[in-house]
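One structure is given here, and the rest of the page talks about it.
Every number for a ligand or one of its atoms is a count from 1 in the order of the listing. Basis for what follows: all heavy atoms, side chains included, without hydrogens, waters or symmetry-related copies.
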Amino acid sequence: MKILITGGAGFIGSHLADALITQGHSVLAMDDFSTGKHENIAHLEGHPLFSIVGADIADESIVRECVAAADRVYHLASAVGVRLVVEQPVRTIETIVHGTSVVLKACSRYRKPVLITSTSEVYGKSGKVPFSEDDDLVIGPSHRRRWGYACSKALDEFLAMAYWHHSHVPVVITRLFNTVGPRQTGQYGMVLPRFVQQALKDEPLTVYGDGSQTRCFCHVKDVVDGLMKLMELPAARGQVFNIGNREEVSIRELAERVIRATGSRSTIKLVPFEDAYGPDFEDMQRRVPDLSKIERAAGYRPKYSLEDIISDIVEYYVRKRDREASIR
Ligand code: UDP
């Protein structure tokens with residue numbers, strides 16, 4: 001099959017391209033390289049099953065052309081990371097809402113199966129544990145920029161559902177919990193690559209708040225497996241699925257584990273949220289996925305433990321450091 005991945009040069013998109021090509025599919029990646037990177041797909045360039053179009057998701061005619069040529073569409077192009085969301089709120093909201101609208105319109109026109117990637121951020125600041133797909137979404141006030149991301153992604157979901165109900169566009173919606181792994185950059189705030197890079201330089205690990213907040217980290221390869229299973233499941237269409245891993249860890253413990261895994265001399269430095277993200281920032285204390293729906297429907301089971309994840313990311317950054325040192 002020919003598969004279109006919007007955001008195909010991004011962290012998750014490039015891993016998805018690898019997995020699809022391994023299965024013998026041909027991949028057309030589309031990326032504007034705003035947060036996507038050439039180095040994520042450098043190993044695929046020249047591969048007979050891979051091609052890349054450098055274009056913005058807002059470009060309706062290119063999106064239409066790419067969708068028309070594809071048998072399946074994975075829509076991953078998005079603004080990513082809490083830092084980017086807080087620093088560039090207009091771009092965040094416009095990219096998310098407009099980009100998804102363009103993709104859904106084209107998929108409706110050509111009746112192509114499409115998978116929309118949403119986020120666990122849409123659960124907002126609900127205190128429920130774990131988060132299930134039917135839960136209410138509890139989003140904070142509009143003067144707090146973080147919620148603009150959650151709200152835009154929720155709007156994408158409503159739009160996708162509207163296409164499903166109104167025009168029977170074959171669409172499935174996935175809510176990704178904290179996804180991590182090799183190729184993820186710490187540049188947009190993501191905690192694990194930041195901690196690993198800090199640890200490898202023996203710099204203090206910057207734990208925001210008191211570090212008691214928890215997250216459940218899922219290896220990108222498990223996430224990709226979930227995405228591919230849901231795409232090929234006709235019964236999943238018109239539905240929302242969580243994808244993630246249940247293993248919960250506090251951010252302080254995560255920092256300690258990264259220090260141990262790297263054998264670093266780093267210490268832990270507590271940084272108030274206000275210093276990290278400016279005033280009015282709200283973090284969520286816990287975010288745990290209920291995975292029973294995807295387990296039942298698609299036989300999804302994450303294979304990678306947090307230990308595996310940390311060691312994979314450490315290995316990736318050690319190799320990258322050594323490669324860069326040998327070039328200098
Ligand atoms: N975090 C941290 N130090 C950092 C970056 C992030 O303590 O250098 C915290 C962040 O405040 C949050 C958690 O780690 O509580 C996960 O952050 P990330 O941005 O990776 O994902 P989020 O779950 O916030 O979307």
Of the protein's non-hydrogen atoms, which lies at the shortest distance from [atom], and what is that distance?
| atom | value |
| --- | --- |
| atom 20 (O) of ligand 1 | V191 N, 2.8 Å |
| atom 3 (N) of ligand 1 | T206 O, 2.6 Å |
| atom 13 (C) of ligand 1 | I251 CD1, 3.6 Å |
| atom 7 (O) of ligand 1 | Y208 N, 2.7 Å |
| atom 23 (O) of ligand 1 | R215 NE, 2.5 Å |
| atom 19 (O) of ligand 1 | G189 O, 3.5 Å |
| atom 8 (O) of ligand 1 | R194 NE, 2.7 Å |
| atom 21 (O) of ligand 1 | N178 ND2, 3.1 Å |

Ignoring hydrogens and geometry beyond distance, is a side-chain donor-acceptor pair present between [X] and [Y] at under 3.5 Å?
| X | Y | value |
| --- | --- | --- |
| D202 | S266 | no |
| D156 | H75 | no |
| W147 | E282 | yes |
| Q285 | K125 | no |

Check: Y277 ring centroid to Y208 ring centroid under 6.0 Å |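 Close enough - the centres of the two rings lie under 6.0 Å apart.
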
Please identify which atoms of ligand 1 are closer than 4.0 Å to at least one heavy atom of [X].
| X | result |
| --- | --- |
| F273 | 11 (O) |
| V207 | 7 (O) |
| E121 | 25 (O) |
| D283 | 11 (O), 12 (C), 15 (O) |

Does any N or O atom in M190 lie less than 3.5 angstrom from one in ligand 1, N or O only?
-> no

Residue selection (non-hydrogen contact nearest atom 24 (O) of ligand 1) among Q197, R83, Q198, R146 = R146

Could you check T100, T92, I93, I96 and say which one makes a side-chain contact (heavy atoms from CB on, under 4.5 Å) with K153?
->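 When side-chain contact (heavy atoms from CB on, under 4.5 Å) is applied between K153 and each of T100, T92, I93, I96, only I96 qualifies.
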
Passing candidate, side-chain contact (heavy atoms from CB on, under 4.5 Å) with Y74, options L20, T6, T117 |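 The residue from L20, T6, T117 that satisfies side-chain contact (heavy atoms from CB on, under 4.5 Å) with Y74 turns out to be L20.
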
Do the non-hydrogen side-chain atoms of Q213 and M284 ever get within less than 4.5 Å of each other?
->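 No, their side chains stay 4.5 Å or more apart.
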
Side-chain touch T206/Q198, heavy atoms, less than 4.5 angstrom =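 Yes - at least one pair of side-chain heavy atoms lies under 4.5 Å apart.
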
Could you give me the CA-CA distance, side-chain angles and deciding distance for Y123 and F177, then say whether side-chain contact (heavy atoms from CB on, under 4.5 Å) is met?
-> CA-CA 10 Å; Y123 291 108; F177 282 66; 3.7 Å; yes

Determine whether any heavy atom of K269 lies closer than 4.0 Å to an atom of ligand 1.
-> no

